[in-house]
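Taking it in order: structure first as structure tokens, then the write-up.
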Amino acid sequence: MLMRVRSLIAIVSVLVLGACGGGGSSSSETTSSSTEGEGTTGGQATSSELEGFDSEGFEEGEPTVDHGRGSARELLGINPPPQPWDQMSHADQEMYMVAYVLPIHAEIFAEHDREEFAQFDCASCHGDDGPQRNYEMPSRSLPPLPPEGSERWQRAAQRDPEDWAFMTDVVLPTIRTQLGEPEMTCFGCHPQSTR
Ligand code: HEC
Ligand code: HEC
């Protein structure tokens, strides 16, 4: 699985970011220099930027994150998908996850808790059985949440205000934007508890 994702990252960084450079979206500004002309060297540079969030190639600007590396949000932007999510093929959805959803969420989770989320991967959202389950959501590995607005929901929010706020104010709005699904709820990722 890891190998497969690695090679996808290489392919996607050329295809998706290349397409982006021509599309004039806000993220094109930061990537255009490395994707110009669809050259053979451009793909190489972009793929290493994506994989390691290297800051190489855009040190001219202000440092964007405290640890001295390029920010995924600066590099990629948080944007809707290039076409409506539910009209994308499964393969395109997977590539979009590799190229945009994972890098952005790896960064925001690491900023929330660098130790706990040092290793943030597809499985962090989809579970280890993600590939077997065709990445169907909700995940079976995320903690189930009580029905929204219920008494147990309120108690859980009070018990864990920091995590709750991070989910409400950062994770949910980010994935909503990235998938272009403004109605998505917590249960787009978390299962709902039955009791
Ligand atoms: C931050 C959480 C998160 C991460 C990390 C993540 N995904 Fe997803 N993924 C989702 C959500 C949410 C959906 C469901 C979108 C929807 O509502 O259809 C999804 C959907 C998918 C789908 C489409 C599934 C379907 O319904 O047909 C694929 C394929 C997929 N992800 C692959 C991956 C891969 C591969 C990775 C790692 C590179 C990854 N995802 C990382 C949240 C995530
Ligand atoms: C894009 C997918 C996604 C969405 C949407 C999402 N979460 Fe999460 N949530 C996660 C991931 C990933 C974790 C980290 C799981 C882990 O610890 O590995 C998490 C963890 C949590 C935790 C911490 C559990 C613990 O282990 O302490 C809580 C609480 C939580 N989410 C609540 C919510 C709430 C409330 C919402 C809606 C406002 C929400 N989540 C929306 C992906 C999501």
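Just so you know, residue 1 is the first one in the sequence shown, and it goes up from there. Whatever order the structure lists them in is the order used to number ligands and atoms, beginning at 1.
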- [ ] Kindly give the heavy-atom pair with the smallest separation between Gly149 and Gln154, and that separation in Å.
- [x] O-NE2, 3.4 Å
Open item on the list: Tell me whether ligand 1 is touched by Gly188 - counting only heavy atoms on the residue side and a distance under 4.0 Å.
Closed with: yes
Open item on the list: At a threshold of 2.8 Å, where the distance has to be below it, does atom 8 (Fe) of ligand 1 have an N, O or S atom of Cys122 nearby?
Closed with: no
TODO: Tell me which protein heavy atom sits closest to atom 28 (C) of ligand 2, plus the residue, atom name and distance to 0.1 Å.
DONE: Met167 CG, 4.3 Å
- [ ] Output the list of atoms in ligand 1 that are nearer than 4.0 Å to some heavy atom of Leu102, sorted by atom number.
- [x] 5 (C), 38 (C)
Task: Protein non-hydrogen atom found under 4.0 Å from atom 15 (C) of ligand 2 - done: yes
- [ ] Heavy-atom contacts with Asn134 under 4.0 Å: which atoms of ligand 1 show up? List them by number with element.
- [x] 24 (C)
TODO: Please work out whether the ring planes of Phe109 and Phe120 are parallel, tilted or perpendicular, with thresholds of 30° and 60°.
DONE: parallel
Open item on the list: Tell me the closest heavy-atom pair linking His90 and Asn134, and the distance in Å.
Closed with: CE1-O, 3.3 Å
- [ ] Please identify which atoms of ligand 1 are closer than 4.0 Å to at least one heavy atom of Glu181.
- [x] 17 (O)
Open item on the list: Return the closest protein heavy atom for atom 18 (O) of ligand 2 as residue, atom name and distance.
Closed with: Phe117 CE2, 3.9 Å
TODO: Please write down residue, atom name and distance for the protein heavy atom closest to atom 24 (C) of ligand 2.
DONE: Pro143 CG, 3.6 Å
Task: Flag side-chain contact, heavy atom, 4.5 Å: Gln192 against Pro147 - done: yes
Task: Close approach of Phe166 to ligand 2, heavy atoms, under 4.0 angstrom - done: no
TODO: Using a strict cut-off of 4.0 Å, indicate which atoms of ligand 1 neighbour a heavy atom of Val98.
DONE: 38 (C)
Task: Which of the ligand 2 atoms, numbered from 1, are nearer than 4.0 Å to a heavy atom of Trp164 - done: 29 (C), 35 (C)
Task: Any Ser71 side-chain heavy atom under 4.5 Å of Glu107 side chain - done: yes
Task: Sub-4.0 Å atoms of ligand 1 with respect to non-hydrogen atoms of Phe120 - done: 5 (C)
Task: Met88 side chain near Pro81 side chain, heavy-atom distance below 4.5 Å - done: yes
Open item on the list: Would a single hydrophobic cluster contain both Leu142 and Phe117, if residues Ile, Leu, Val, Met, Phe, Trp and Tyr are joined by side-chain heavy-atom contacts under 4.5 Å?
Closed with: no
Open item on the list: So if I count the atoms of ligand 1 from 1 in the order they appear, which ones are less than 4.0 Å from some heavy atom of His105?
Closed with: 1 (C)
Open item on the list: Using heavy atoms and a 4.0 Å limit, tell me yes or no: is Phe109 in contact with ligand 2?
Closed with: yes
Open item on the list: For Leu179, which part has a heavy atom under 4.0 Å from ligand 1: side chain, backbone, both, or neither?
Closed with: side chain
Task: atom 8 (Fe) of ligand 2 to nearest N/O/S of His190 less than 2.8 Å - done: yes
Task: Candidate with minimal heavy-atom separation from atom 13 (C) of ligand 2, of Asp113, Leu142, Val170, Thr174 - done: Leu142
Task: Backbone or side-chain N or O of Thr168 under 3.5 Å from ligand 2 N or O - done: no
Task: contact_flag Arg176 ligand 2 heavy-atom lt 4.0 Å - done: no
- [ ] Could you list which atoms of ligand 2 come closer than 4.0 Å to a heavy atom of Leu172?
- [x] 5 (C), 38 (C)
Task: Gln83, CD: over 12 other non-hydrogen atoms inside 6.0 angstrom - done: yes
Task: Heavy-atom donor-acceptor pair, Glu148 side chain to Trp153 backbone, under 3.5 Å - done: no
Task: Any donor-acceptor pair under 3.5 Å from Tyr96 side chain to Gln178 backbone - done: yes
- [ ] Do me a favour and list the nearest non-hydrogen protein atom to atom 34 (C) of ligand 2 with residue, atom name and distance?
- [x] Cys186 SG, 3.5 Å
TODO: Kindly compute the distance separating CD (Gln93) from OH (Tyr135), expressed to the nearest 0.5 Å.
DONE: 12.5 Å
Open item on the list: Is it the case that ligand 1 has an N or O less than 3.5 angstrom from some N or O of Asp121?
Closed with: no
Task: Shortest protein heavy-atom distance from atom 17 (O) of ligand 2, along with the residue and atom involved - done: Glu116 OE2, 3.6 Å
Open item on the list: Looking only at protein heavy atoms, which one is nearest to atom 12 (C) of ligand 2, and what is the separation?
Closed with: Ser124 O, 3.3 Å
Task: Main-chain N/O of Pro144 paired to Ser193 side chain as donor or acceptor, under 3.5 Å - done: no
- [ ] Mind listing the closest non-hydrogen atom pair of Phe187 and Leu145 along with its distance?
- [x] CE2-O, 3.5 Å
TODO: Write down the atom of Ala123, the atom of Ser141, and the distance for their closest heavy-atom approach.
DONE: O-OG, 4.2 Å
- [ ] Find all atoms of ligand 2 within a distance of less than 4.0 Å from any non-hydrogen atom belonging to Cys125, and give their numbers and elements.
- [x] 12 (C)
TODO: Determine the interplanar angle of the Phe166 and His112 rings, folded into 0 to 90°, and report it as parallel if under 30°, tilted if 30 to 60°, perpendicular if over 60°.
DONE: parallel
Task: Degrees at atom 8 (Fe) of ligand 1 between the SD atom of Met97 and the NE2 atom of His126, nearest 10° - done: 170°
TODO: Using a strict 4.0 Å cut-off to heavy atoms of Met184, name the atoms of ligand 1 that fall inside it.
DONE: 12 (C)
- [ ] Examine distances only and state if a side-chain atom of His126 and a backbone atom of Cys122 form a donor-acceptor pair shorter than 3.5 Å.
- [x] no
- [ ] Give the numbers and elements of all ligand 1 atoms closer than 4.0 Å to a heavy atom of Cys189.
- [x] 12 (C)
- [ ] List the closest protein heavy-atom neighbour of atom 23 (C) of ligand 2: residue, atom name, distance to the nearest 0.1 Å.
- [x] Asp163 OD2, 3.9 Å
Task: Met137 side chain near Met184 side chain, heavy-atom distance below 4.5 Å - done: no
